Each structure stands twice: as C-alpha cells, then as structure tokens.
Amino acid sequence: MKRVASLALALSGFQAFPSVYGQDPAPIFSAVPTNLLHGPGTGVKISPNGQWVAITSDDGTLLLKDTADGSEIATIKPTAAAGVPACDTNPAINPSGSEVMFGVKTATGSQINAYGADGAPTWSYDVAGTLPGAPEYGSSGSDVYFTWN
C-alpha cells in the first residue's frame, strides 16, 4: 500500500543529449509532445534504466515511449481528466522504474494517478485542491510526497 505525504518538485521539456565533456551536445533522440499529443507537453521523466520516457500533456494525457526507437508503449488518458483537460504536474517514476505517476485536474480538485511501465493502472489518490508541483516517490518507492493548495 502506498503512503501519501506532502512535498513536490517539477521539470519540463524533453530532449536527450550525449554527455561528452568539452563538446557541444548533439541530440540523439527527440520527442516533441505537441506533435504526438493534443496539447503542449508539461513534463518529462526518463526511467532509471533509460529504456523508456514518460511525457505528460496539458490535456491530461500520459505518453510512455521507448527511448531506443521512439515507439509508443502506451497513451493514457485518466478518466478523472475527462471533461477537465489539464495536467497539473510532470511525471514521476519510482526508483525501480516499474511505476509512473502524475497529477491531473478534476471537477472537484486534483487526482494523482499511477501506472505500471506497461501503461496498466496501479492506483489513484484524490486531492481536494490543486497540485502546485509534481508528486515524487520516496527512495524506497513505497512513499509518495506532494504539496497541495
């Protein structure tokens, strides 16, 4: 069972660059959320093993993509986001890389939704307010931290 507490941080955009000291980075893989989803991208997170990336859109969609070839793993539109097209937060990935979560606006506040790396839903948590920052996993992956207003 997930334990939920309060704390947060954020990140935006996506472009991967090789790390070469003293040289200008050259893109090796690029995903442009506005070309893939129905709204501008709001955040990105790369899995700990570097094999997949999670991209959130301001229409409440989560896109999971393979970093090797850019193929789509899953496109997820939480039911809580239906009729309220806005993603509150960037994605967060647990330390093992087996789960991703993000927050969406709902008619009554916000909801944190979590999915497996394959796109299957794992859990959700209703928040009676807005999420000003992204939820984050604790180091064990069992705890979740977020702030709300």
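It should be emphasised that the depicted structure is a prediction, and the values quoted were computed from it without experimental measurement.
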Here the pair of heavy atoms bringing Pro48 nearest to Gly97 is CD-CA, 3.6 Å
Per side chain to side chain contact (heavy atoms under 4.5 Å, CB included), Trp52 is matched among Ile46, Asp118, Ile93 by Ile93
Item to check | Heavy-atom donor-acceptor pair, Thr67 side chain to Val53 backbone, under 3.5 Å | outcome: no
Separation between CD (Gln111) and OG (Ser124), nearest 0.5 Å, reads 4.0 Å
Nearest heavy-atom approach of Ser140 to Pro95 is C-CG, 4.4 Å
Query raised in the report: Going by distance alone, is a donor N or O of one side chain under 3.5 Å from an acceptor N or O of the other, for Glu99 and Asn94?
Result: no
*asked:* Using only atom types and a distance under 3.5 Å, with no angle test, would you say the side chain of Thr122 pairs donor to acceptor with the backbone of Ala114?
replied: yes
Just so I know, are the side chains of Asn113 and Tyr125 near enough to count as touching, which here means a heavy-atom distance under 4.5 Å?
no
| message | What verdict does the side chain to side chain contact (heavy atoms under 4.5 Å, CB included) test give for Tyr137 and Asp143, after you've listed the backbone C-alpha separation in whole Å, the side-chain angles of each residue and the deciding distance to 0.1 Å? | response | CA-CA 6 Å; Tyr137 287 96; Asp143 298 324; over 6 Å; no
Rounded to the nearest 0.5 Å, the OG atom of Ser98 sits from the CG atom of Asn49 at a distance of 10.5 Å
- Query: Taking Thr56 for the side chain and Gly43 for the main chain, is one N or O donor matched with an acceptor at less than 3.5 Å?
  - Reply: yes
Closest heavy-atom pair, Ile73 versus Lys65, reported as atoms and distance to 0.1 Å, is CD1-C, 3.7 Å
Scanning both residues in full, the closest heavy-atom pair of Pro91 with Ala54 reads CG-O, 3.4 Å
| Which is it for Tyr115 and Ile76 under the side chain to side chain contact (heavy atoms under 4.5 Å, CB included) test, yes or no, and what are the steps along the way? | CA-CA 9 Å; Tyr115 298 87; Ile76 301 155; 3.3 Å; yes
Residues at least two apart in sequence or cross-chain that pass side-chain hydrogen bond (donor to acceptor under 3.5 Å, both in side chains) with Thr108, listed by chain then number, are none
Here the pair of heavy atoms bringing Gly119 nearest to Ala74 is CA-CB, 3.9 Å
Of Ile112, Asn149, Val104, Thr147, the one forming a side chain to side chain contact (heavy atoms under 4.5 Å, CB included) with Leu131 is Ile112
Query raised in the report: Is Thr130 reaching over with its side chain to a backbone N or O of Pro132, donor-acceptor style, under 3.5 angstrom?
Result: no
message: A side-chain contact here means heavy atoms from C-beta on lying under 4.5 Å apart; do Met101 and Val144 qualify?
response: yes
